[in-house]
Amino acid sequence: MPRFRLIRQDAVYELIDTHQAQLALRIDFSAAKLQHRATRGGKKELLLRAVGAKPGLRVMDCTAGLGTDSFLLANAGCNVTMLERSKILSILLSDALRANVSNETQQILSRMHLLEADAKDVLLDMKRMGLLTEGQAEPLPDVIFIDPMFPSRRKQALVNGSMQMLQNFVGKDQDATELLALAMQTGCSKVVVKRPANAEALELYKPSYQYVAKANRFDVFLQ
Ligand SMILES: C[S@@+](CC[C@H](N)C(=O)[O-])C[C@H]1O[C@@H](n2cnc3c(N)ncnc32)[C@H](O)[C@@H]1O
């Protein structure tokens, strides 16, 4: 039997890890914890400071995952294109984006657009289009955001249940350096990479500056 199973429970898709006795993974943008984080205000969210989040900013989130970072960005008024290559996670995300939520949350969700795709393909297309049309192609996003998966990114106690399950499910993202290189090659003026606080920088590029928190760090690349 496969370790992970996608089931439909109360008309919502959930991912179950048959090897762990933990709650099923479902994405709920109305969850109290996320709503609290969103309404607590942006000041504490280094993500928002690193991205420079503001209404109308166009952000491409290359690693949508559970959609938490995308939601926080959309809550700050950004228009977010979410790329996720896992079919299962894309199903969970699109389910959550279609869910019956309050009007306020619905307004936030209307700024989040999901595409099931490998971000490398999308970035490569953006780079090619830019080269072909000498900058006249579709406007680039204002910011490209990348949050690759690192198995031991946080102390186990700090990794919440959903993120732990995501780690077990997707494993390590081996192509993070390639993703950063492609993002830079599109010519986008700002690329932000989320890393464990004490991790080495991804090779090839030196961050212009960093925002460092206890568990995470945001490397900002300007060009
Ligand atoms: C650490 S999680 C991202 C968590 C996310 N920032 C959040 O707030 O929930 C990394 C996710 O990025 C996805 N991913 C990694 N590389 C990708 C790529 N090249 N294209 C699309 N998705 C990718 C993985 O499948 C995984 O779901």
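As the structure lists them, so they are numbered: ligands from 1, and atoms in each ligand from 1. Just so we're clear, the structure is a prediction, and the values are computed from it rather than from any experiment.
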**Request:** Please confirm whether Asp61 comes within less than 3.5 Å of ligand 1 when only nitrogen or oxygen atoms on both sides are compared.
**Result:** no
**Prompt:** Is the closest N or O pair between Val170 and ligand 1 shorter than 3.5 Å?
**Reply:** no
**Prompt:** Does Leu89 share a hydrophobic cluster with Leu6, counting links as ILVMFWY side-chain heavy atoms below 4.5 Å and allowing steps through other members?
**Reply:** yes
**Region of Leu166 that comes within reach of ligand 1 [heavy atoms, distance under 4.0 Å]** = side chain
**Message:** Quick check on contacts: which atoms of ligand 1 are under 4.0 angstrom from a heavy atom of Leu89?
**Reply:** 27 (O)
**Request:** Run down the list Lys194, Glu84, Lys120 and name the one with the heavy atom closest to atom 25 (O) of ligand 1.
**Result:** Glu84
**Aromatic plane relationship, Phe29 with Phe71 - under 30° parallel, 30 to 60° tilted, over 60° perpendicular** = parallel
**Request:** Looking only at non-hydrogen atoms, find the nearest pair between Ser94 and Leu114 and report the distance.
**Result:** N-CD2, 3.7 Å
**Asked** With a 4.0 Å cut-off on heavy atoms, is Ser70 touching ligand 1?
**Response** no
**Message:** List ligand 1 atoms under 4.0 Å from Gly67, heavy atoms only on the residue side.
**Reply:** 7 (C), 9 (O)
**Request:** Determine, for Tyr13 and Arg8, whether the Lys NZ or Arg CZ falls below 6.0 Å from the six-membered ring centre while staying within 45 degrees of the axis.
**Result:** yes
**Asked** Considering distance alone, does some N or O of Asp147 sit under 3.5 Å from an N or O of ligand 1?
**Response** yes
**Those atoms of ligand 1 less than 4.0 Å from some heavy atom in Leu66** = 7 (C), 9 (O)
**Message:** Distance under 4.0 Å to a non-hydrogen atom of Ala64: what atoms of ligand 1 satisfy this?
**Reply:** 5 (C), 7 (C), 9 (O)
**Message:** For the residue pair Asp61 / Ser70, report whether a side-chain donor-acceptor contact shorter than 3.5 Å exists.
**Reply:** yes
**Request:** Just let me know how Asp173 lines up against ligand 1, side chain, backbone, both or neither, with a heavy-atom cut-off below 4.0 Å.
**Result:** side chain
**Asked** Applying the side-chain hydrogen bond (donor to acceptor under 3.5 Å, both in side chains) test to Lys194, which of Thr63, Asp219, Asp69 qualifies?
**Response** Asp69
**Request:** Run the numbers for me: atoms of ligand 1, each under 4.0 Å from some heavy atom of Ala117, listed by number.
**Result:** 20 (N), 21 (C)
**Request:** Search all heavy atoms of Ser86 against all heavy atoms of Phe169 and return the closest pair with its distance.
**Result:** OG-CE2, 3.6 Å
**Message:** Taking 4.0 angstrom as the limit and counting only heavy atoms of Cys62, give me the atoms of ligand 1 inside it, by number and element.
**Reply:** 20 (N), 21 (C), 22 (N), 23 (C)
**Asked** Going by atom types alone, do Thr105 and Gln35 pair a side-chain donor with an acceptor below 3.5 Å?
**Response** yes
**Message:** Quick check for you: to the nearest 0.5 Å, what is the distance between Arg98 atom CZ and Leu93 atom CG?
**Reply:** 11.0 Å
**Request:** May I ask whether Ala176 places a heavy atom under 4.0 Å from ligand 1?
**Result:** no
**Asked** Given the rule that I, L, V, M, F, W and Y join up when any side-chain heavy atoms are under 4.5 Å apart, are Met184 and Met126 in one cluster?
**Response** yes
**Request:** Within a distance under 4.0 Å of any heavy atom of Asp118, pick out the atoms of ligand 1 and give their elements.
**Result:** 18 (C), 19 (N), 20 (N)
